[in-house]
Structure formats: C-alpha cells, structure tokens
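Just follow the structure's listing: the first ligand is 1, and inside any ligand the first atom is 1. Any value given below was found using the heavy atoms of this structure, including those in side chains, with hydrogens, waters and symmetry copies removed.
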Amino acid sequence: MLLVVDKLQSTGKSKRDGWRTELPRAGFGVGVLETMKDAKRKDVAWQGKCSGTVYIGGNEAEGHFSLINEACSMFAHTNPLHTDVFQSVARYEAEVVAMTAALLGGKEKASGGQICGNMTSGGTESILLAVKSSRDFMKAKRGITMPEMIIPESAHSAYDKAAQYFKIKLRRVPVNNEFLADVRAIKRCINRNTILIVGSAPGFPHGIIDPVEELGELAFGSGVCFHVDLCLGGFVLPFARKLGYPIPPFDFSVKGVTSISVDVHKYGLAPKGTSVVLYRNHDIRKHQFVAVTEWSGGLYVSPTIAGSRPGSLIAGAWAAMMSLGFEGYLENTKEIMEASKRIQKGIKEIPELHIVGRPDMTIVAFGSNVVDVFEVNDIMSSKGWHLNALQRPNSIHICVTLQHVPMVEDFLKDLRNSVETVKANPGPISGGLAPIYGAAGKMPDRVMVQELLVDFMDSSC
Ligand SMILES: *Cc1c(COP(=O)(O)O)cnc(C)c1O
C-alpha cells in the first residue's frame, strides 16, 4: 500500500467517535449480528470497482462466495496444530499443497519429484518463510553468517519485511527498460554472502513476468537460492499457458528455482488468509520448522510462523480448489485474460495514456506524459474506483479479477472521462501522492513514515 498523508488522516483517530473501548457490561447475545450487518452495509461498495482485493466473481451472497462461507463455517473451530484431533484439516492442508505443487511443475521430471511445502496466512508469510528457510539452509550449507539477498525493485515489500525481521542485508536492483528483473545487474551483486535472489511471475506493480529461466541459471551457477514469487500468477499462469497464451517458464520445471510462494486467496478464489509456500526439496524446507524440546509445556513443533492456525481457512481453500477443479480455473482464466486484453486495448486508444511495459497477465499499469496520472486516479476514485498508485515511474494499475469481467466498458468510459476532466482542468501537481513524496518526487524518509503509521494506523486506543 502506498501511503498518502491525507488518506491516513481519514482513517485516523478523529474518525473514531463512538468506538467502543470496553466490553459491554451485558452482552448483546445474538443481537450482535444485527449490529454487524449494519456496519457491513456502511463499508465501501467494492463490487466490480476495486483493483484486485476481491477475486471471486458475482454477488457476495451466492455462488462460490456462499460455498466458501459454508466450508469455512463447518471447520471454524478446528486447529491443525492438533493434528491428532483434526485429521480432516491435516489432510486438507497436505492436499492443497500437493494440488498446488502439481500445477507448478511438481509432477515434471525436472522438478526432482520432492516438492513440499505448507499453507500459510498469505503471500507475506509464504515469502517470510521462504527467505528464513533459505537463510538457514545457506548457513548450514555454506556457513553464511552475514546473509544478503538481491531483489529487483519490482519485487513485493514482503522481502523488505523479511530483511528487517531476519537481519538480512537487502540489495535492491533497478529493473531494465522493459521493467523486468535485470539479470546482469543482479549477477554483479552476487558475492559470497548472497543467500537468495528473487523473481516475480508476475510482479505486483506492472504485472510482468521476470526472466525466470535466466535467473534460475544464474542462481544454479552461483549456488544460491532462488525464490519465484507466484503470489499473483500461481493460479493463472498454468491455465493461461494451457489456453495457448504465450507464457514464459515460471515454475519448478526451471532449474535453479528453490522455492515458490503462491496465494490461494487471490486467483485461487479461496478465503482471505490462505497461501502456499513450496520448496524444491526437504533439505531446504526443514529449515522452516521450529522444534522445542525443552519447554515445560512438552515437545512443541510448528511448521509456520503462527502456532495455532485456522483450520477453517484451510478447509475453505480446499473447498475452493475442489469445487472449481482444473476446468473451473481454466474458464475463469479465459474470462480475466480476455477482460485484461480489452482493458489494454481500450487504454491504448486513449492518446494521453500509455501502458507501462508489456503486461503478461491480468495486471495493467498505465501512465501519462500529458496529464498527472495521480489526478486521473483521484477522479477515478470519485467515480467509485479503487486503483493502485505506483511510483518510479508514476503510474496506476488495475489488477483484473472476475469482478471486472462485466465492468470493462464502464471502466474504460470512466477512464476516458477522467483523463478529459484532468486535461481540461489541470490542477497543481500537488495532487496524487505529492503530499508525501514532495513536489520534487523525493522519496519520503522511512523513519518519518514509521512515525506516521504509529499515529494513524494504530489499532489501540
Ligand atoms: C499479494 C502479493 C504478495 C503478498 O501477499 P499478501 O497475501 O498480501 O501477504 C506478494 N507478492 C506478490 C507478487 C503479490 O501480488
């Protein structure tokens, strides 16, 4: 999420009048549900107008949505930490991991036939775990104690989080002029402390697939780990390829790939809070686990960051995958790929705008040399759209989901209109992200942003 001061302020404490700070003395009983329905009604209408965010199509009260809700509620009180009690969810987790691995080259001979992994709470946790496991694997294998990792600047912020949490030096390498990971520049950064390089398929900002094959070759040749971020692409690319779209290699069939993250809660159409982390073999994955043998609470083993985990979400992910099946995902992929193509074509027809790079999938980023694209975004927001603002270069993107399939023409019409409005009344360049980036487009100071967070995103009282 990009931070804009006034956006932060609108969620700040001044908006918290009437928020509860203590338990009610007498409980509301079932009456609480009415209160909650009321709160939900007052949330922003996201139907069809949010970039990414909600990936399931149609109406929230029916179809795939209600199927997932039912599956989750059936297993709402289970916890896979207690495998002996909840064998159902233990099996579901193993099957979600296996079915996901099979989509990503796990059944191909080139994969080595040992792909393994876990479900996690989301892409960020999958990435955190892959980075942590790579760090400890490289410590065991190469004796690296001052670890460094190299990421293209288009890689997700989760790697920054991992670097901060796990004391790893982060080297950030600019992308090339096609917005792809710059393999030669990454190669120049590799040294004897390098534990990991990273590629995305596709990257979040511009939806472009990094050159996974070349990065794999580099990683293999240098003896470092290589993580492919398939958080967005994992449940689209295998199907897009099957449908005949030109998709470059991206998975375990590529030599050198050691781990993969893939979000089931995005295009997998599973409930929020579900992702999968996969490893090429147990040798790497074993560094993900924590085992405590000396605790007075007994032997404690846990595979992921959380201890207790929500069995309901695992069951929900399993239900999503089993109910859709290969053909369901194929059909969905065709719809969103076609919607994305129509959106790309429509944007190309707006002379003031240009598309950033060549989108491989369903994320379309665009900018302008004529109008302030952040002002265009502001007008789009006033029309109910929630798009993503990007920087370097200044641009915005839409991550196309099933929600947008019936909305393509509305989107393009609103976009054409917004560009016209901005063109007719160009405001001061201080719109958009300028409040925090400063008029000169200077990067904000990280410590300053951190202070702002404490003020505005604090959930305490
Ligand atoms: C969404 C995303 C992530 C992070 O996933 P969360 O589920 O938000 O934690 C990481 N990488 C890419 C490419 C993503 O799109």
Side-chain angles (χ1 to χ4, degrees), residues 1-3 50-56 96 100 104 117-132 134 149 151-165 170 172 175 179-181 196-212 215 226-237 240 247 250-251 257 259-278 304-306 309-310 313-314 316-317 320 336 340 356-357 359-365 386-390 396-401 457:
M1 183 185 66
L2 286 167
L3 302 165
C50 272
S51 169
T53 317
V54 179
Y55 290 74
I56 302 172
V96 166
T100 306
L104 302 175
N118 276 97
M119 285 191 71
T120 72
S121 61
T124 300
E125 189 184 350
S126 291
I127 289 168
L128 289 176
L129 286 171
V131 171
K132 188 262 181 208
S134 303
M149 66 176 163
I151 65 166
E153 65 182 349
S154 55
H156 196 271
S157 318
Y159 302 95
D160 287 75
K161 201 179 246 185
Q164 291 182 31
Y165 282 8
L170 186 76
R172 200 188 311 274
V175 291
F179 302 92
L180 297 171
L196 179 71
I197 65 173
V198 168
S200 311
F204 171 83
H206 313 121
I208 305 174
I209 301 176
D210 284 328
V212 172
L215 289 167
F226 174 31
H227 182 78
V228 181
D229 188 346
L230 277 157
C231 282
L232 277 171
F235 280 89
V236 177
L237 298 180
I247 304 290
F250 58 86
D251 62 16
V257 174
S259 58
I260 280 177
S261 48
V262 40
D263 284 356
V264 204
H265 68 193
K266 288 181 181 158
Y267 290 106
L269 308 192
K272 291 298 175 204
T274 53
S275 174
V276 171
V277 59
L278 296 169
T304 60
I305 292 178
R309 291 189 297 148
L313 299 183
I314 293 170
I336 52 176
S340 162
V356 181
D360 279 305
M361 211 179 84
T362 50
I363 295 91
V364 186
H386 299 264
L387 307 177
N388 295 80
L390 316 168
I396 49 186
H397 87 197
I398 177 164
C399 171
V400 179
T401 74
M457 290 182 102

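- Shortest non-hydrogen contact noted between S261 and H227 is OG-NE2, 2.9 Å.
- Close approach of ligand 1 to I127 is summarised as follows: ligand atoms under 4.0 Å from at least one heavy atom of the residue are 10 (C).
- Remark: the S51 side chain and the N388 side chain contain an N/O donor-acceptor pair separated by less than 3.5 Å.
- No hydrogens or angles considered: a donor-acceptor pair under 3.5 Å links the side chains of T120 and S126.
- Below 4.0 Å from some heavy atom of L232 lie the following atoms of ligand 1, by number and element: 15 (O).
- Within 6.0 Å of NZ on K161 lie no more than 12 heavy atoms contributed by other residues, nucleotides or ligands.
- Scanning the protein for heavy atoms near atom 13 (C) of ligand 1, the closest one is D229 OD2, 3.5 Å.
- Contact atoms of ligand 1 toward C231: 2 (C), 3 (C), 10 (C), 11 (N), 12 (C), 14 (C) (distance under 4.0 Å to a heavy atom of the residue).
- Side chain of H397 to main chain of H206: no donor-acceptor pair is present (N/O by atom type, distance under 3.5 Å, no hydrogens or angles).
- For K266, every heavy-atom contact with ligand 1 shorter than 4.0 Å involves the side chain, none the backbone.
- Taking all atoms of both residues into account, the shortest heavy-atom contact from D210 to A181 is OD1-N, 2.8 Å.
- Against a heavy-atom cut-off of under 4.0 Å, H265 is close to the following atoms of ligand 1: 7 (O).
- Closest non-hydrogen pair, T401 versus Y267, comes out as CA-CE2, 4.4 Å.
- Closest to atom 6 (P) of ligand 1 among all protein heavy atoms lies G123 N, 3.5 Å.
- For the pair L230 and ligand 1, no heavy-atom separation below 4.0 Å is found.
- Closest to atom 8 (O) of ligand 1, if we only count protein heavy atoms, is T124 OG1, 4.3 Å.
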